[in-house]
Amino acid sequence: MELQARTIEMVSDRRRQVTEATRLAASGPIGAVLDRVDIPYAYVVKVLDVHPCLGKVAGRRLLDELGIAHRTRLGELVPGNRVAIERACGCRHA
């Protein structure tokens, strides 16, 4: 039972992180999401998918151009990746 409870708690926390990251990305500057240390589990591609200045196709192209794997989690981004994404976004919203 204890293992099941811990697993449910972990899954719930990860879902919360993804929801929070996409909510922030859809309504605010991209840097505000990329710099958050409390949401490391969300994939960077999901954040770019919902950002108003990018969307699915442009966000994935951006990651390809920067050499960042789509399945990279926010917590795995190095500072150089964060800066490159912000610059390449080229959005006043960012």
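Sequential numbering from 1 along the given sequence is applied to the chain's residues. The model shown is predicted, which means the values in this text are computed figures rather than measured ones.
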Under the side-chain hydrogen bond (donor to acceptor under 3.5 Å, both in side chains) test, which residues partner R15, sequence neighbours left out?
none
Residue set satisfying side-chain hydrogen bond (donor to acceptor under 3.5 Å, both in side chains) with R82, at least two apart, ordered chain then number -> none
Heavy-atom nearest pair, L74 first then V44, reads CD2-CA, 4.0 Å
So, for P52 and A25, which heavy atoms are closest and what is the spacing to 0.1 Å?
CD-O, 3.4 Å
Are V45 and I30 joined in one hydrophobic group, where the rule is that I, L, V, M, F, W and Y side chains link up if heavy atoms are under 4.5 Å apart?
yes
Residues two or more places apart in sequence or in another chain: which of them pass side-chain hydrogen bond (donor to acceptor under 3.5 Å, both in side chains) with D49?
R60
Residues in side-chain hydrogen bond (donor to acceptor under 3.5 Å, both in side chains) contact with E9, at least two apart in sequence or another chain:
none
Could you measure the distance from the OG1 atom of T72 to the NE2 atom of H70? Nearest 0.5 Å is fine.
9.0 Å
The reported gap from CZ in R6 to CG in L3 (rounded to nearest 0.5 angstrom) is 5.5 Å
Counting N and O atoms only, with roles assigned by atom type, does the side chain of R73 sit under 3.5 Å from a partner on the main chain of Y41, one being a donor and the other an acceptor?
yes
Rounded to the nearest 0.5 Å, what's the gap from CD1 on I68 to CG on N81? Could you check?
4.0 Å
Counterpart residues, salt bridge (Lys or Arg N to Asp or Glu O under 4.0 Å), relative to D13 (two or more places apart)
R16
Write down the atom of G59, the atom of L54, and the distance for their closest heavy-atom approach.
N-CB, 4.2 Å
By salt bridge (Lys or Arg N to Asp or Glu O under 4.0 Å) - contacts of R36 (at least two apart)
E20, D38
